[in-house]
Amino acid sequence: MFELLATDPSSSARRGRLTTPHGVIETPIFMPVGTQATVKAVHPQELRSLDAQIILGNTYHLWVRPGTEIIGAAGGLHKFMNWDRPILTDSGGFQVFSLAKLRKLKEEGCYFNNHVDGTPMFLGPETAMEIQATLGSDIAMLFDECTPWPCKHEDARSSMELTLRWARRCRDWIDKHQPQTGGGAQLHFGIVQGSTFEDLRQRCAREMVAMGFSGYAIGGLSVGEPEEDMMRIAEWTCPLLPQNQARYAMGLGTPPQIVELIARGIDMFDCVLPTRLARNGTAYTHDGPMNLRNNKFAKDFRPLSEDTHPLCQGFSRAYIRHLINTQEVLGLRLISLHNLHFYLSLASRARLAIEQGCFAEFRAEVVARYQNRPE
Ligand SMILES: COC(=O)c1ccc(CCNc2nc3cc4nc(N)[nH]c(=O)c4cc3[nH]2)cc1
């Protein structure tokens with residue numbers, strides 16, 4: 001259940017609260033990505049100390065390895081990974097198309113050879129629902145087709161119509177196998193497709209909402225489309241989604257993109273950037289990304305940033321540069337912790353700004369400062 005707590009007079013930004021079986025999520029929220037049942041290099045207690053309220057897992061990856069038999073025997077994903085707060089799982093469609101080999105898309109679902117050992121597999125709406133029920137995630141995404149970008153209107157239409165037929169099949173599966181609602185019931189989010197076409201986005205949103213899910217994601221974004229298309233798609237779609245339900249922009253985004261999408265009515269975000277870019281030495285700062293492998297940091301003994309996580313305090317840029325250049329694990333951990341702190345505190349500052357009625361100033365400050373390069 002989603003409660004709308006406050007709206008911003010200067011934009012469509014909202015402050016909300018989403019109740020799930022493993023806890024309450026304050027929105028706007030950033031969800032650290034934990035694809036293979038771990039947020040890479042970060043301990044669950046460190047995630048709690050970062051005030052991470054919910055993390056993301058992936059149906060495709062966990063089904064391929066270690067498999068639902070093992071995770072089911074462990075009592076579900078929360079027990080398996082020792083994380084007792086909410087988890088959202090993506091349904092696998094996007095990952096099949098970005099990872100698996102020899103994919104064949106049919107009406108019933110996707111046939112493919114998995115990216116680990118090439119075993120032939122099949123993933124469709126019903127299988128994706130079954131797997132997520134076994135994983136026991138708090139929020140399960142419907143099985144959709146992420147429409148590639150760019151594409152012609154007719155291809156976007158047929159892709160969107162397939163996503164709607166698959167959504168209907170997910171709806172029927174849920175009604176048959178998970179009829180109970182409220183309390184410990186797993187939530188299901190519909191995913192709106194339609195590529196960069198307003199008529200398709202609006203039709204998909206209306207038909208998805210008519211099937212009645214617990215929240216709605218905007219899919220088919222962050223797939224190479226220009227940023228202005230990304231923002232317009234959010235403007236077209238959010239007004240058609242229920243005010244009293246959560247909206248999730250999948251795979252997004254950079255700090256300014258997140259703030260601009262909050263301003264257009266998005267409540268939830270997930271992105272691999274803070275953890276993936278940490279692995280190549282990039283640290284996020286209010287003045288933009290800083291690549292610590294750069295020689296200019298060789299004798300820069302200032303702290304990584306004035307605004308960082310307690311676990312990252314006391315380490316200089318020169319030291320972290322040395323760790324990254326020598327592939328020392330501590331370097332990856334320190335930048336991952338710092339970047340997650342940056343993204344999670346950006347969301348918490350957005351929540352506060354909406355509550356205090358100063359979101360417009362917050363938005364302007366974040367976007368303006370981020371354009372400068374850190375000295
Ligand atoms: C160095 O940076 C990177 O490697 C990097 C950066 C951003 C992404 C973003 C990935 N974007 C994205 N993830 C997504 C996941 C999705 N899942 C479903 N079910 N449906 C979608 O329609 C969908 C769209 C997405 N778009 C991926 C990789």
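Count residues from 1 along the sequence. Order of appearance sets the numbers: ligands from 1, and atoms from 1 within every ligand. Since the model is a prediction, treat every value here as computed from it, not as a measurement.
When hydrogens are left out, the protein atom nearest atom 5 (C) of ligand 1 is Val272 CG2, 3.5 Å; that is the closest non-hydrogen contact. Nearest to atom 2 (O) of ligand 1 among the protein's heavy atoms is Leu273 CD2, 3.6 Å. Atom 23 (C) of ligand 1 has Phe94 CD1, 3.7 Å as its closest protein atom, hydrogens excluded (heavy atom only). The protein heavy atom nearest to atom 9 (C) of ligand 1 is Ser222 OG, 3.3 Å. The protein non-hydrogen atom at the shortest distance from atom 4 (O) of ligand 1 is Arg276 NH1, 2.8 Å. For atom 22 (O) of ligand 1, the nearest non-hydrogen atom of the protein is Gly220 N, 2.7 Å. Here the heavy atom of the protein found nearest to atom 17 (N) of ligand 1 is Asp90 OD2, 2.7 Å.
One finds no salt bridge joining Asp8 and Arg14 here, because no Lys/Arg side-chain nitrogen approaches an Asp/Glu carboxylate oxygen to under 4.0 Å. Between Glu161 and Arg157 there is a salt bridge, since at least one side-chain N of the basic residue sits less than 4.0 Å from a carboxylate O of the acidic one. One finds no salt bridge joining Glu207 and Arg168 here, because no Lys/Arg side-chain nitrogen approaches an Asp/Glu carboxylate oxygen to under 4.0 Å. With salt bridges taken as basic N to acidic carboxylate O contacts below 4.0 Å, none links Asp172 and Arg169. Salt bridge annotation for Glu235-Arg264: present, with a cationic side-chain nitrogen under 4.0 angstrom from a carboxylate oxygen. The residues Arg48 and Asp84 are annotated as salt-bridged, a charged nitrogen and a carboxylate oxygen being separated by less than 4.0 angstrom.
The closest approach between Gln95 and ligand 1 stays at or above 4.0 Å for every heavy atom of the residue. By the 4.0 Å heavy-atom criterion, Met250 is counted among the residues contacting ligand 1.
For atom 1 (C) of ligand 1, the nearest non-hydrogen atom from the set Leu277, Asn280, Thr254 comes from Leu277. Selection from Leu221, Asp144, Thr163, Leu142 by nearest heavy atom to atom 21 (C) of ligand 1 gives Asp144.
In this structure a side-chain-to-backbone donor-acceptor pair under 3.5 Å is present from Asn339 to Tyr284.
At a 4.0 Å heavy-atom cut-off, ligand 1 touches Gln193 through the side chain alone.
The aromatic rings of Phe143 and Trp166 are tilted relative to each other, their planes meeting at an angle between 30° and 60°.
Under a 4.0 Å criterion applied to the non-hydrogen atoms of Cys146, ligand 1 contributes the atoms 21 (C), 22 (O), 24 (C). Listed by number with element, the atoms of ligand 1 under 4.0 angstrom from any heavy atom of Ile191 are 19 (N). Shown in contact with Ser91 at under 4.0 Å from a heavy atom are these atoms of ligand 1, numbered in order with element: 19 (N).
Side-chain contact of Ser214 with Gln245: a donor-acceptor pair under 3.5 Å is absent, judged by distance alone.
Note that the CE atom of Met290 and the CG atom of Asp300 stand 8.0 Å from one another [nearest 0.5 Å].
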